[in-house]
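The analysis underlying the following values was restricted to heavy atoms, covering all of them including side chains, and did not include hydrogens, waters or symmetry mates. Read the numbers this way: they start at 1 and go in the same order the structure lists the ligands and their atoms.
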Amino acid sequence: MRYAHEVGNVRAAEGALMARLPEGTLMQRAAAGLARVCAGLLDRVYGADVVVLAGSGDNGGDALYAGARLARRGARVRVVAAGSRLHQAGLADLRAAGGRLIETAAAGEAVAEADLVIDGLTGIGGAGALREPHATLARAASEASGTVVACDVPSGVDASSGRVEGAAVRADVTVTFGTLKPGLLVDPGASYCGVVELVDIGLGPYLNDPDVVSPAAEDVRPPLPGAESDKYRRGVVGILAGGDEFTGAAVLATGGAVHGGAGMVRFASVPHAVELVRHRWPEAVTTVIEPGAKALDAIGRVQAWVVGPGLGTGDDAEELISAVLSTDLPVLVDADGLTVLSRRRDLLTRDAPTLLTPHAGELARLLDADRTAIEARRLEYVRRAAAELDATVLLKGSTTVIAEPDRPVRVNPTGTPWLATAGTGDVLSGLTGALLAGGMSALDAACAGAYLHGLAARLAAGGPHPEAGESPISAYDVITALPDAFRTLR
Ligand SMILES: NC(=O)C1=CN([C@@H]2O[C@H](COP(=O)(O)OP(=O)(O)OC[C@H]3O[C@@H](n4cnc5c(N)ncnc54)[C@H](O)[C@@H]3O)[C@@H](O)[C@H]2O)[C@@H](O)CC1
Ligand SMILES: [K+]
C-alpha cells in the first residue's frame with residue numbers, strides 16, 4: 001500500500017518534526033534528495049546545463065539549494081525568479097556555488113536548451129490557477145526537450161486533490177518529500193507527474209492516518225480456493241442484466257464473472273438475453289425470469305448480486321432493482337441500475353453492503369451534480385457520494401477511485417487509456433460481483449476488481465511484446481486477459 005496525505009496533514013507533521021530539529025534541516029534533507037535524483041538523471045553532472053525555476057516560497061528554496069548542490073559538482077546552473085522575492089538563503093547558497101540569476105525575458109531560451117529543468121515554482125503552498133509569470137514558465141518547462149523534474153508537486157497541480165485549473169508543469173519525474181500527496185495519484189494531477197520518487201525526510205512518525213491509499217498487488221489478492229472448497233464456498237454470483245434491447249452488456253458482465261473466480265455464475269433475464277448468454281457462456285446457469293416482485297424466487301441461491309448492465313430504466317427494471325436491494329445480500333449496482341437509483345435513492349436504505357460503480361456521468365445523475373466538475377475533482381465527489389448515499393462507491397475513469405464513509409479513499413494504480421471503450425464497465429461489474437460473492441468486503445472487492453481489470457487491460461493492450469507498444473483493445477479482450485492478470489497478482 002502506498003500512502004498519501006493532504007496538505008494540512010503534511011504541514012502538521014512538518015511542524016511537529018521541525019520543532020525538534022535545527023532550523024533548515026528539513027529543507028536541506030529535501031534539497032539533498034532532489035539533487036541526488038537530478039544527478040542520477042544526467043549523463044554527467046559536470047558541465048550539465050541546469051535551469052531552476054524558483055517561486056518565492058519554500059518550494060523555490062528547495063530547488064535553489066538543490067541547484068547549489070549540482071553547481072558544486074560542476075553543473076552550469078541558472079535561475080529564473082518568478083515574482084519579486086526569492087528564498088534569500090537558498091539564492092545566496094546557489095550564488096556562492098557559482099550559479100547565477102537570469103532575467104525572466106531570457107527564460108524561454110534557457111529552458112529550451114537546458115539538459116535539466118527543476119520546477120520549484122509552487123509546491124504544497126500553490127493555490128488556484130498559476131498566475132503570471134508562473135503560468136508562462138510552466139508552459140515553457142512542459143515543452144522543454146531536456147528532463148523536467150518537479151520539486152514536491154508539479155506546479156499548477158493542487159497537491160491535495162489533483163485538480164489542475166490552468167497551466168501546469170508536465171514533469172518527467174516528480175521528487176516529493178516526506179509522503180505522497182493525493183494530487184500525485186489522482187488525475188488530472190497524476191498525469192503531470194511522470195515517475196514519482198519519494199524522498200524520506202523523517203516525517204513518518206509524525207503523520208496521521210493517510211487520506212488516500214494506493215494498493216499494490218499484495219493488497220488486492222483474492223483468496224485462493226482451498227482443497228475443501230466447493231462451488232458454494234467459492235461463491236455464487238447472480239447477474240441481473242440485459243433485456244430485449246441490450247444484450248451485449250449481459251454477455252460481457254457474465255464473462256467478467258465467469259473469469260472472476262466465482263464458484264458459479266447464475267444469470268437471469270428475458271428469454272433473448274438468456275439465449276445469448278447461454279450460447280456464449282455455457283458455464284453460467286441461466287434462468288428466464290418474468291417481471292414482477294417474485295422475479296428472484298426462480299433463480300436459486302446466490303451470495304452476491306450484480307444488477308444493472310443493459311437492464312433498461314423502466315418500471316420492470318425498477319421493480320427488479322428494488323427486489324434485489326431488499327435482500328440481505330451484498331449488491332453491486334451498475335449502469336442502468338444507477339440511473340434508476342438516481343430517481344429512487346430511497347432504495348439504498350439497507351443494512352447489507354451496497355457497491356455502486358458509476359462513471360462520472362452516472363455519478364452526476366446520482367448526485368445531481370455537474371459531470372465536468374466530477375472529472376476535475378474526483379476525490380471530492382467520490383467521498384461525497386459515499387457519504388450521501390451511504391454506500392461503497394467506485395468512480396470509474398482516468399483514475400478509478402473508491403470510497404467508503406470514513407475510510408481513506410483508495411486509488412487504483414492499474415489501467416490504460418485503451419480501457420475507455422464500450423463494454424469494459426460491464427466486465428468490471430461482473431468481475432467485481434464474483435469477488436463480492438467470494439466473500440471479500442465491498443471495499444476490497446472493488447479494489448481488487450479495479451486492479452485486476454486495469455491489469456488485464458494493460459496485458460491485453462501490450463500483447464505478447466509490450467515493448468513494441470500498446471494496441472487498441474475490446475471489452476472482450478479484457479475478459480480473455482483476466483486469467484493472466486490473476487496469475488500476475490500471485
Ligand atoms: N514545510 C516544511 O517543513 C518543508 C517544506 N518544504 C517545501 O516547501 C514547500 C511549501 O512551501 P511554501 O509553504 O512556502 O509554499 P510554496 O512554495 O509551495 O508556495 C507558496 C508560494 O507560491 C505562491 N503561489 C501560490 N499559489 C500561486 C499561484 N496560483 N500562482 C502563482 N504563485 C502562487 C505564493 O504566493 C507563495 O509565494 C513544499 O512543497 C516543499 O517543497 C521542504 O523544504 C520540506 C520541508
Ligand atoms: K513544484
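- Every side-chain contact (heavy atoms from CB on, under 4.5 Å) that Thr313 has, sequence neighbours left out, goes to Asp336, Thr339, Val340, Arg343.
- Interface atoms of ligand 1 facing His134, defined by a heavy-atom separation under 4.0 Å, are 31 (C), 32 (N).
- Among the atoms of Asp152, no N, O or S atom is found under 3.4 Å from the K ion (ligand 2).
- Taking atom 9 (C) of ligand 1 as the reference point, the nearest protein heavy-atom neighbour is Asn59 N, 3.6 Å.
- The shell of residues lying under 4.0 angstrom from ligand 1, judged by heavy atoms, excludes Arg29.
- Considering backbone and side-chain N/O atoms, Cys151 never comes within less than 3.5 Å of an N/O atom of ligand 1.
- A salt bridge between Asp444 and Arg410 is present, with a side-chain N of the basic residue lying under 4.0 Å from a carboxylate O of the acidic one.
- The O atom of Thr122 and the O atom of Asp119 meet at the K ion (ligand 2) at an angle of about 150°, given to 10°.
- The side-chain heavy atoms of Leu431 and His259, taken from C-beta on, include no pair separated by under 4.5 Å.
- Under the salt bridge (Lys or Arg N to Asp or Glu O under 4.0 Å) test applied with Glu6, the options Lys181, Arg11, Arg383 reduce to a single match, Arg383.
- Less than 4.0 angstrom separates some heavy atom of Met27 from each of these atoms of ligand 1: 43 (O).
- Checked by atom type and distance alone, the side chain of Thr176 pairs as donor or acceptor with a backbone atom of Asp152 at under 3.5 Å.
- For atom 22 (O) of ligand 1, the closest non-hydrogen atom of the protein is Thr122 CG2, 3.6 Å.
- Between Ala30 and ligand 1, no pair of N/O atoms sits closer than 3.5 Å.
- With a 4.5 Å cut-off on side-chain heavy atoms, Leu341 and Leu356 count as touching.
- Within the 4.0 Å heavy-atom criterion, the part of Ala129 lying near ligand 1 is the backbone and not the side chain.
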Enumerate, atom names and distances included, each donor-acceptor pair closer than 3.5 Å involving a side-chain atom of residues 55-71, sequence neighbours excluded.
{"residue": "Asn59", "atom": "ND2", "partner": "Cys151", "partner atom": "O", "Å": "2.9"}
{"residue": "Arg69", "atom": "NH2", "partner": "Gln28", "partner atom": "OE1", "Å": "3.1"}

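- Looking from atom 7 (C) of ligand 1 to the surrounding protein, the closest heavy atom is Asp62 OD2, 3.0 Å.
- Ser161 places none of its side-chain heavy atoms less than 4.5 Å from the side chain of Pro182.
- Residue Gly128 places a heavy atom less than 4.0 Å from ligand 1.
- Residue contacts to the K ion (ligand 2): Val169 brings no N, O or S atom closer than 3.4 Å.
- The protein atom (non-hydrogen) at minimum distance from atom 38 (C) of ligand 1 is Asp152 OD2, 3.2 Å.
- Scanning both residues, Leu53 and Leu137, for their nearest heavy atoms gives CD1-O, 4.0 Å.
- Note on Glu380 versus Arg384: no salt bridge recorded, every NZ/NE/NH1/NH2 to OD/OE distance being 4.0 Å or above.
- Looking at ligand 1, you won't find any N or O of Arg85 less than 3.5 Å from one of its N or O atoms.
- Heavy-atom proximity to Gly126, at under 4.0 Å, picks out these atoms of ligand 1: 18 (O), 19 (O), 25 (C), 26 (N).
- Of all atoms in ligand 1, numbered sequentially from 1 with element shown, those under 4.0 Å from a heavy atom of Leu26 are 3 (O), 45 (C).
- Counting atoms of ligand 1 from 1 in the listed order, those under 4.0 Å from a heavy atom of Gly123 are 16 (P), 18 (O), 39 (O).
- At least one N or O atom of Ile124, backbone or side chain, sits closer than 3.5 Å to an N or O atom of ligand 1.
- Checking side-chain atoms of Arg345 against main-chain N and O of Leu389 turns up no donor-acceptor pair under 3.5 Å.
- For ligand 1, the polar-atom distance check against Ser56 finds a nitrogen or oxygen pair separated by under 3.5 Å.
- The one candidate from Glu109, Glu113, Glu103 that meets the salt bridge (Lys or Arg N to Asp or Glu O under 4.0 Å) condition with Arg78 is Glu113.
- Annotation: Ala127 places an N or O atom under 3.5 Å from an N or O atom of ligand 1; distance criterion only.
- Distance from atom 34 (C) of ligand 1 to its nearest protein heavy atom, with residue and atom name: Arg131 NH2, 4.4 Å.
- Given atom 12 (P) of ligand 1, the protein heavy atom at minimum distance is Asp58 N, 3.8 Å.
- Under the 3.5 Å distance criterion, the side-chain polar atoms of Ser142 are matched with a main-chain donor or acceptor of Ala168.
- Nearest residue to atom 25 (C) of ligand 1 from Ala63, Gly125, Ala135 is Gly125 (criterion: closest heavy atom).
- With hydrogens and angles disregarded, a donor-acceptor distance shorter than 3.5 Å links the side chain of His359 to the backbone of Glu362.
- Residue contact check: Arg11 has heavy atoms under 4.0 Å from atoms 13 (O) of ligand 1.
- For the pair OD1 of Asn59 and OG of Ser155, the angle at the K ion (ligand 2) is about 100°; rounding is to 10 degrees.
- Contact of the Ile118 side chain with the Val51 side chain is not registered, since no non-hydrogen atoms from C-beta on lie closer than 4.5 Å.
- At the top of the distance list for atom 4 (C) of ligand 1, counting protein heavy atoms only, stands Glu14 OE2, 3.3 Å.
- Looking at Thr421 and Pro472, their side chains never come closer than 4.5 Å, going by heavy atoms from C-beta outward.
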